[in-house]
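Data block below; observations after.
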Protein chains: 2
Amino acid sequence: MAIASLPSKTGQIRKENEILILAAAEQEFADRGFDGAVMGRIAKRAGLARANIYYYFNSREQLYWRLLKNIVAKWNESFPDINREDDPANILGAYIKAKVKFSLQNPAASKIFAGEILRGAPIIGEYLEDLYGNWLRGRVDVIEAWIQAGKMDRVDPHHLIFMIWSTTQHYADFDFQVKAALGKDKYTKEDFHKITSTLTHIILKGCGIKPLEDAAL
Amino acid sequence: MAIASLPSKTGQIRKENEILILAAAEQEFADRGFDGAVMGRIAKRAGLARANIYYYFNSREQLYWRLLKNIVAKWNESFPDINREDDPANILGAYIKAKVKFSLQNPAASKIFAGEILRGAPIIGEYLEDLYGNWLRGRVDVIEAWIQAGKMDRVDPHHLIFMIWSTTQHYADFDFQVKAALGKDKYTKEDFHKITSTLTHIILKGCGIKPLEDAAL
DNA sequence: GTCTATAATCAGATAGAC
DNA sequence: GTCTATCTGATTATAGAC
């Protein structure tokens, strides 16, 4: 093998193997949950020896924790900030679309997060409360301002947000059930559009928000 | 101890202990998932010796399976049949209300089911496909008939049903997150009404269904 | 029906040679 | 950086006395 093809920078192997391991772990934790996931399968999926995983991560829990933080970070960067001058149809439509897209493109991430919350967030609990407290308060305030300004019906902002979360994440977390019901084994581009348009129609109209022209979608 | 106070009928002890064990197991499986649940804690919660659990159930998996079947049965009996002559507002409103009620009253059951689906339904898979196939087809047909009759907007029936499932079950499955966001440690009667009325408002209006008078709710 | 061993297995984590 | 061998602890399930 030519020297030129070898990783040249220090820590290159480390970086590459961490990525392999994280990808393998993401699948394993999504498929089995924290308690069902075993290091042996993670190693196998990553193509490394089991003991070697411990050269990169101190423990199974540390590996899980790293994944959870990555997921939350990825989530945050996917969903931009909003403010009260923005148009509700615009903002909520874009948010629904981004969430559906995230679910269909990152089902494993969504499942890991769902499993963690389902068990009462034993690992990520505090971290989340700090992080989401502000985020949520900001959005609730904007929605309340929209209501005050007569831009939409008087619906409880928290429950509206929960509705968007639950309906969009459902397509990742419960994809087994959804796919069984639809009689398909994976989502298509058409499914994405159908899901997005149905959710957007019902939620926006249900909140008394006038939709934008089709061009804006 | 007086003889009269002892269980008189054969199998009485068995019946009582099975109930104790199932209740304990329901909590344990809801809190920890199938892989995280351990027989030791189930026994402790039930107030029995660990080995004694095996006198009543052959294995952890059998116990889990019994619970899942109970949950599905309970679910079915909670939600009555519908047909195309019925009024959409009436039927969907009642269904949403019943689902929210079920979630708030039986969070453990909902969580066990959610955990099973999240993992790809490894245990209950086939059983479900048989059971839900017909159920779902029936509802989809009715909703399509309502659309044909001009009683509601042309929204995809499958996605409408998923929306009702996801939004209502969210309050059980992700109660940790919801309660943290709302700043409370349990749901009140007021929460129940707020949730039900918000979901009903958005979903019915979003589908272009005229609500009934308040008296009917 | 209950409960104290105990067998058998499995998986996390580490030691230490290469 | 990699990998074999090993230690340790936990847990399922059973045997068999009471």
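All figures in this text were calculated on a predicted structure; none of them were measured in a lab. Within every chain, numbering begins at 1; the chains are lettered A, B, ... in the order of the sequence lines, protein sequences first and strands thereafter.
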Round to the nearest Å and state the distance from [X] atom [atom1] to [N] atom [atom2].
X: B/Gln12; N: C/dG1; atom1: CD; atom2: C1'; result: 14 Å
X: A/Leu63; N: C/dG12; atom1: CG; atom2: P; result: 11 Å
X: B/Arg60; N: D/dA10; atom1: CZ; atom2: C1'; result: 12 Å
X: B/Glu61; N: D/dT11; atom1: CD; atom2: C1'; result: 16 Å

(request) Indicate the ring-plane relationship of B/His170 and A/Phe162, choosing parallel, tilted or perpendicular according to the 30° and 60° boundaries. (result)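 B/His170 and A/Phe162: tilted rings.
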(request) Assess A/Arg60 against A/Phe29: is NZ or CZ under 6.0 Å from the centre of the six-membered ring, and within 45 degrees of the ring's axis? (result) no
Please pick, from [options], the nucleotide with the shortest atom-to-atom distance to any side-chain atom of [X].
X: A/Ala49; options: D/dT4, C/dT2, C/dA11; result: D/dT4
X: B/Val38; options: C/dA13, D/dA13, D/dT11; result: D/dT11
X: A/Tyr55; options: D/dA13, C/dA13, D/dG1; result: D/dG1
X: B/Ala51; options: C/dG1, D/dT12, D/dT14; result: D/dT14
X: A/Asn52; options: D/dT12, C/dG1, D/dT2; result: D/dT2
X: B/Ile13; options: D/dT12, D/dC3, C/dT2; result: C/dT2

Just to confirm, is there a sub-4.0 Å distance from OP1 or OP2 of [N] to any side-chain nitrogen or oxygen of [X]?
X: A/Tyr54; N: C/dT14; value: no
X: B/Asn58; N: D/dT14; value: no
X: B/Arg14; N: C/dG1; value: yes

(message) Checking side-chain contact (heavy atoms from CB on, under 4.5 Å) between B/Glu18 and each of B/Arg14, B/Glu16, B/Lys15, which is the one that passes?
(response) B/Arg14
Scan [X] against the nucleic acid and name what it touches under 4.0 Å (heavy atoms): base, sugar-phosphate only, or nothing.
X: B/Tyr56; value: sugar-phosphate
X: A/Ala37; value: sugar-phosphate
X: B/Arg50; value: base

(request) For this output row, return yes or no: ring centroids of B/Tyr95 and B/Phe79 closer than 6.0 angstrom. (result) yes
(request) Answer yes when B/Asp31 and B/Arg41 have at least one side-chain N-carboxylate O distance shorter than 4.0 Å, and no when they do not. (result)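 Salt bridge: no.
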